[in-house]
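This report refers to the structure that appears directly beneath it.
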Amino acid sequence: MGPSVLITGAAGFIGSHLTEALVAAGHQVRVLVRYNSQGRLGWLDSLPCRDDLDVRLGDVRDLDSCLAAVDGVETVFHLAALIGIPYSYTAPLSYLKTNVEGTYNVLQAVRAKQVSRLLITSTSEVYGTADYVPMDEGHPLKAQSPYAASKIGADQLALSFWRSFAVPVRIVRPFNVYGPRQSARAIVPTVIAQILSGQRELRLGNLSPTRDLTFVADTVAGFLAIAACEELQGQVTHVGTQSEVSVADLVRTIGEVMGVEVVAIEDPGRQRPVGSEVERLVCDSRKLQAAAGWRPRCCLREGLTATVAWFRAHHHLYDPLRYAV
Ligand SMILES: NC(=O)c1ccc[n+]([C@@H]2O[C@H](COP(=O)([O-])OP(=O)(O)OC[C@H]3O[C@@H](n4cnc5c(N)ncnc54)[C@H](O)[C@@H]3O)[C@@H](O)[C@H]2O)c1
């Protein structure tokens, strides 16, 4: 990978960790942050590397923003997206505009400016409930939410640009990610924030679904491994741990890490509609292991310990009583 990179979605959870890793590795890092009149850069504002970044305010829904942002870089990491599943029930068209049209704009910009490498960020949600486990990259796609449908659309568009125009696309498909700076809509921050506020009866969605949870540093390492591996061009590649934990067991483990006993209660207001609930996701990441030697370094308990420590220092940023979508 050459020295100059662009990250879209850099101000968010995974993007801010990827930004730090790329700066630390010596890259010239440009970031595309969604325009706001205060010039706020999300999590980037709190990073020591803030002043090393070439910041562009813009919007992936705007082709001109994308053309200007990619101009002159060698690698683009496209992470910008709307990602909350419940909000995709409320505002599905905004997901099409951001996730599908936004990806279209990035693809056209990369094509026009002849960028050497483009990583598109997918998600395990594109599969819906597993037909078999562990799930390899050939598992059938099944959208159980407008969010998942928008990500399938974006991925397929990207693959079509590879096949039709040789746009140098690699699809990174992370399974669920957790760690410092994750938004409160996700399960790990929700549980930690409620416990830190003194609650011992936690209000959550469905407790039976299982997920394959990867600590964010391992996910970032997966992005870097895929970027460095030429043979993964034009392909989808998973990043996940090949292990599974139910929401109920996850809550118990977080309670143990935090030294408290908690009871999880299914709150109907937080449950997904039956047909939309993805019951089981377990990653088969052997492709990335074989191609690039990537392996997760952090087990769940270690990752949760690091995440809890970060939330203890930052819990004033999270409102445990509000149901974040
Ligand atoms: N968090 C997970 O567990 C997970 C799992 C699999 C895949 N992903 C994917 O990883 C990527 C990053 O997710 P995250 O968890 O860091 O989410 P996040 O919400 O923290 O970050 C997304 C970023 O995209 C930006 N964005 C949204 N709309 C934009 C627009 N129109 N123009 C420019 N920027 C815009 C947001 O401002 C935010 O900074 C997404 O593509 C998501 O689908 C996340």
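Numbering of ligands and ligand atoms starts at 1, following listing order. Throughout, residue positions are numbered sequentially from 1 according to the sequence presented.
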Quiz item: Quick one: nearest non-hydrogen protein atom to atom 28 (N) of ligand 1, plus distance?
Solution: R34 NH1, 3.3 Å
Exercise. Assess Y147 for proximity to ligand 1: is some non-hydrogen atom of it under 4.0 Å away?
Key: yes
Quiz prompt | Cation-pi geometry met for R181 and F13 (6.0 Å, 45°) | solution = no
Quiz item: For atom 32 (N) of ligand 1, what is the nearest protein heavy atom, given as residue, atom name and distance?
Solution: V60 N, 3.0 Å
Quiz item: Does a sphere of radius 6.0 Å around NZ in K287 hold more than 12 heavy atoms from other residues, nucleotides or ligands, not counting ones at 6.0 Å or beyond?
Solution: yes
Quiz item: At a 4.0 Å threshold, what atoms of ligand 1 neighbour a non-hydrogen atom of G9?
Solution: 23 (C), 24 (O)
Quiz item: Do any nitrogen or oxygen atoms of P174 come within less than 3.5 Å of a nitrogen or oxygen of ligand 1?
Solution: no
Quiz item: Can you list the ligand 1 atoms lying under 4.0 Å from a non-hydrogen atom of A80?
Solution: 24 (O), 34 (N), 35 (C)
Exercise. Please work out whether any backbone atom (N, CA, C, O) or any side-chain heavy atom from C-beta onward of F175 is under 4.0 Å from ligand 1, and answer side chain, backbone, both or neither.
Key: backbone
Self-check item: Protein contact of atom 39 (O) of ligand 1 - nearest heavy atom, named by residue and atom, plus distance
Solution: G12 N, 3.1 Å
Self-check item: I83 N/O to ligand 1 N/O under 3.5 Å
Solution: no
Quiz item: According to the interplanar angle, ranging from 0 to 90°, do the rings of Y104 and F161 count as parallel (below 30°), tilted (30 to 60°) or perpendicular (above 60°)?
Solution: perpendicular
Quiz item: Does E256 come within less than 4.0 Å of R301, counting only side-chain N to carboxylate O?
Solution: yes
Quiz item: Near R185 CZ, under 6.0 Å, is it more than 12 heavy atoms from other residues, nucleotides or ligands?
Solution: yes
Exercise. Starting from atom 9 (C) of ligand 1, locate the nearest protein heavy atom and write down its residue, its atom name and how far away it is, to 0.1 Å.
Key: T121 CG2, 3.6 Å
Quiz item: Counting from 1, what ligand 1 atoms have a heavy atom of L79 closer than 4.0 Å?
Solution: 11 (C), 12 (C), 40 (C), 41 (O)
Quiz item: Is the closest basic N to carboxylate O distance between R56 and D54 below 4.0 Å?
Solution: yes
Exercise. Would you mind checking if R170 and E230 are paired as a salt bridge, meaning a charged N to carboxylate O distance below 4.0 Å?
Key: yes
Tell me which donor-acceptor pairs under 3.5 Å the side chains of residues 1-12 have, and how far apart each pair is, sequence neighbours excluded?
{"from": "S4", "atom 1": "OG", "to": "E74", "atom 2": "N", "distance (Å)": "3.2"}
{"from": "S4", "atom 1": "OG", "to": "E74", "atom 2": "OE2", "distance (Å)": "3.3"}
{"from": "T8", "atom 1": "OG1", "to": "H78", "atom 2": "ND1", "distance (Å)": "2.7"}
{"from": "T8", "atom 1": "OG1", "to": "L79", "atom 2": "N", "distance (Å)": "2.9"}
{"from": "T8", "atom 1": "OG1", "to": "A80", "atom 2": "N", "distance (Å)": "3.0"}

Practice problem: Could you tell me which atoms of ligand 1, counted from 1 in the order shown, lie closer than 4.0 angstrom to a heavy atom of T98? | Solution: 28 (N), 31 (N)
Quiz prompt | Charged N-O contact under 4.0 Å between E261 and R200 | solution = no
Quiz item: Any idea which atoms of ligand 1 are less than 4.0 Å away from a heavy-atom of D59?
Solution: 30 (C), 31 (N), 32 (N)
Self-check item: ligand 1 to V33 polar contact by distance, N or O atoms, under 3.5 Å
Solution: no
Quiz item: Transitively linked via ILVMFWY side-chain contacts under 4.5 Å: I226 with L18?
Solution: yes
Quiz item: If we only count N/O pairs under 3.5 Å, is I14 in contact with ligand 1?
Solution: yes
Practice problem: Determine whether the side chain, the backbone, both or neither of V177 has a heavy atom under 4.0 Å from any heavy atom of ligand 1. | Solution: both
Self-check item: ligand 1-proximal atoms of K151, by part, heavy-atom distance under 4.0 Å
Solution: side chain
Self-check item: D45 and R50 ion-paired at < 4.0 Å
Solution: yes
Exercise. For atom 20 (O) of ligand 1, grab the closest protein heavy atom and report residue, atom and distance to one decimal in Å.
Key: F13 N, 2.8 Å
Self-check item: From the candidates A69, S122, A81, the one that places a heavy atom nearest atom 8 (N) of ligand 1
Solution: S122
Practice problem: Check the hydrophobic clustering (I, L, V, M, F, W, Y; side-chain heavy atoms under 4.5 Å; chains of links allowed) and say if L107 and I152 are grouped together. | Solution: no
Exercise. Return yes if a side-chain donor-acceptor contact under 3.5 Å exists between E244 and T210, otherwise no.
Key: yes
Quiz item: Any heavy atom of Y35 sitting closer than 4.0 Å to ligand 1?
Solution: no
Practice problem: For A11, take its heavy atoms, then give the atoms of ligand 1 lying under 4.0 Å from any of them. | Solution: 39 (O)
